[in-house]
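Just so we're clear, the structure is a prediction, and the values are computed from it rather than from any experiment. Below, read A as the first sequence line, B as the second, and so on, with proteins coming before strands; counting in each chain starts at 1.
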2 protein chains.
Amino acid sequence: MVNTISHIHCQNCSMAPLCLPKNLSEGDMARLDTIIQRHKPLHKKDLLVTADAPLRYLYAVRSGSLKSYTLDDHGVEQIIDFHLPGDLVGFDALATGRHRSFTQALETTMLCEIPLNSLDDLSAEMPVLRRELMSMMSSELYTSKQLLGSLNNRAADARLAHFLLGLSQRFADRGLSGKSFRLSMTRADIGNYIGLSVETISRILSRLQHENVLLVENKLVEILAMDRLERLAG
Amino acid sequence: MVNTISHIHCQNCSMAPLCLPKNLSEGDMARLDTIIQRHKPLHKKDLLVTADAPLRYLYAVRSGSLKSYTLDDHGVEQIIDFHLPGDLVGFDALATGRHRSFTQALETTMLCEIPLNSLDDLSAEMPVLRRELMSMMSSELYTSKQLLGSLNNRAADARLAHFLLGLSQRFADRGLSGKSFRLSMTRADIGNYIGLSVETISRILSRLQHENVLLVENKLVEILAMDRLERLAG
DNA sequence: CGGAGCCTTGATGACGTTCAAATCGTGTGG
DNA sequence: CCACACGATTTGAACGTCATCAAGGCTCCG
């Protein structure tokens, strides 16, 4: 399952159907491929981008995962996103030309690097690419607003259920199991993201395990009763 | 202060510095202007777009205000956005080509209608317009994610303070008073949006009034102590 | 094998929801 | 123009949920 390091191209990348090139013709994909570079692998806790750093590249996740977060006035971390393979990192920086958040690897992570200037040039010539970029931002926008609504008004177990189902769906989209997966982030990260304390996350996971909705073993989660989890998420 | 109805053009629209044309040259603005149409005025409670309806136009708010919301499985309204003059409505629909939410006028509202096909064509030829579109989406994305973080982990009064400061800033950006403004949405709308009950909104407004941070008279709000409100928002 | 970070579990209390009722404001129709 | 009715807002009281504090156990790596 390991990709050969030597030659990474969109044409043979397993994430292509989810990633920027997903709707491009072969010719267009080849053109996009010429501007894309490899990024050196990140290890757990390595920073990919730092808030305030000038935006030069968008990054596409090839494997692994990352979290994006901001620091509030008191220096407290505030997680705003988790990134999985196929995701693009950097959209929120387009407006100012500088990154607005930190992005850190949660595990060993491989990335592609897309120079922004070249991407802009290409998008003038390739309508499909242009629309794809817009489309990906639009999706992210919708997801983000939806999340705001879904989380704000719901009880703790509904929030966590919603979070797990979201992950499940994203894994399934990537051709992985949506029923059984590994949480690369800590319980504290999850709590920070969905607005609950670590203890509450832990307690709810335990309870859902007791109720045979989930099977939880450390970082590994198996969804035993998808229907009940969905009902919980409301 | 009333705009003449007969001829509305970007070139003489007071919202242009905030809206899509904000960074365009005169020539480019004139080209954009040719594709923009007027939309008939909406009255309070009129729907601008319905979820699932095909996306044909982006809308720019000229005056008035709107709310966007989705309906959850139980038919419960979930507000995801408030739109003020200069805002563009419809970005979240670009991905699917269909609107994903309802958008309803909160008061009498005037809009411009921007046909999506023409906009796409123009953006191929006008790099500045293309980047402006991306930039506006990026801003909205950042705001949305930031909001998620800011709201999720904070106490009720911090949430409301954050909401009021956000509105204040947006009014100020539009050349209106950031200290004294009218809430076109109901308390219930605010509560829905920031995840609190109507009663809590009302109580906190009363308390902030007692503490001389705000002056509240029905829909009218005056910020008396901006610094204390900011400290509250954390 | 040791240690640090991560996770779990229990007890307590504060904050915000919910339920209830009264008042206020707005818009409508007579 | 006024009266009325409905929706919006305010305020009070009781309850429940989740954060916080505290302590112990587990896991993963060096």
Q) Between C:dC7, C:dT17, D:dT9, which one does the side chain of B:K219 approach most closely? A) D:dT9

Q: Tell me what B:T186 touches on the nucleic acid: a base, only sugar-phosphate, or nothing, going by heavy atoms under 4.0 Å.
A: sugar-phosphate

Q | Gap between atoms CZ and C1', on A:R207 and D:dC18 respectively (whole Å) | A | 12 Å

Q. So what does A:S202 hit on the nucleic acid, given a heavy-atom distance under 4.0 Å: a base, only sugar-phosphate, or nothing?
A. base

Q.
Angle between ring planes, A:Y69 versus A:F102, binned at 30° and 60°: parallel, tilted or perpendicular?
A. parallel

Q) Can B:K40 and B:D46 be counted as an ion pair, charged N to O under 4.0 angstrom? A) no

Q. Hey, what's the ring geometry for B:Y193 with B:F82, parallel, tilted or perpendicular (30° and 60° as the breaks)?
A. perpendicular

Q) Atom CG of A:N192 and atom P of D:dC18: how far apart are they, to the nearest Å? A) 18 Å

Q: Answer yes or no: is there an ion pair linking A:E199 with A:R187, defined by an N-O contact shorter than 4.0 Å?
A: no

Q) With distance as the sole test, does A:R228 use its side chain to make a donor-acceptor pair with the main-chain N or O of A:E211 at under 3.5 Å? A) yes

Q | Whole-Å distance separating the CG atom of B:L214 from the P atom of D:dT10 | A | 12 Å

Q: May I have the distance from B:E217 (atom CD) to D:dT9 (atom C1'), rounded to whole angstrom?
A: 14 Å

Q: Pick base, sugar-phosphate or nothing for A:G195, based on heavy-atom distances below 4.0 Å to the nucleic acid.
A: sugar-phosphate

Q: Check whether any side-chain heavy atom of A:L66 lies under 4.5 Å from a side-chain heavy atom of A:L84, and answer yes or no.
A: no

Q) If you look at every strand shown and take non-hydrogen atoms under 4.0 Å, does B:L196 touch a base, only sugar-phosphate, or nothing? A) sugar-phosphate

Q. Is the shortest distance from a Lys or Arg side-chain nitrogen in B:D52 or B:R100 to a carboxylate oxygen in the other one below 4.0 Å?
A. no

Q. NZ of B:K45 versus P of C:dG27: gap in Å, rounded?
A. 10 Å

Q.
Between A:T200 and D:dC18, is there a contact of a side-chain N or O with OP1 or OP2 at under 4.0 Å?
A. no

N/O contacts under 3.5 Å, protein versus nucleotides 28-30 of chain D?
none

Q | Residues touching DNA chain C, which here means a heavy atom under 4.0 Å, drawn from residues 149-163 of chain A | A | none

Q: Quickly work out the A:I204 CD1 to D:dT17 C1' distance and round it to whole Å.
A: 10 Å

**Q.** Carboxylate-amine/guanidinium contact B:D189 B:K67, below 4.0 Å
**A.** yes

(Q) Check A:E107 with A:R182, please: is the shortest side-chain N to carboxylate O separation under 4.0 Å? (A) yes

Q | Integer-rounded Å distance: D:dT10 P and B:L183 CG | A | 10 Å

Q. Would you say the side-chain atoms of B:Q78 and A:S150 include a donor-acceptor pair closer than 3.5 Å?
A. no

Q: Rounded off to whole Å, could you give me the CZ-to-P distance for the A:R187 and D:dA19 pair?
A: 16 Å

Q: Check if the side chain of B:R203 and the base of D:dG12 share a donor-acceptor pair of N or O atoms closer than 3.5 Å.
A: yes

Q | Closest to the A:V198 side chain, choosing from C:dT8, C:dG16, D:dT11 | A | C:dT8

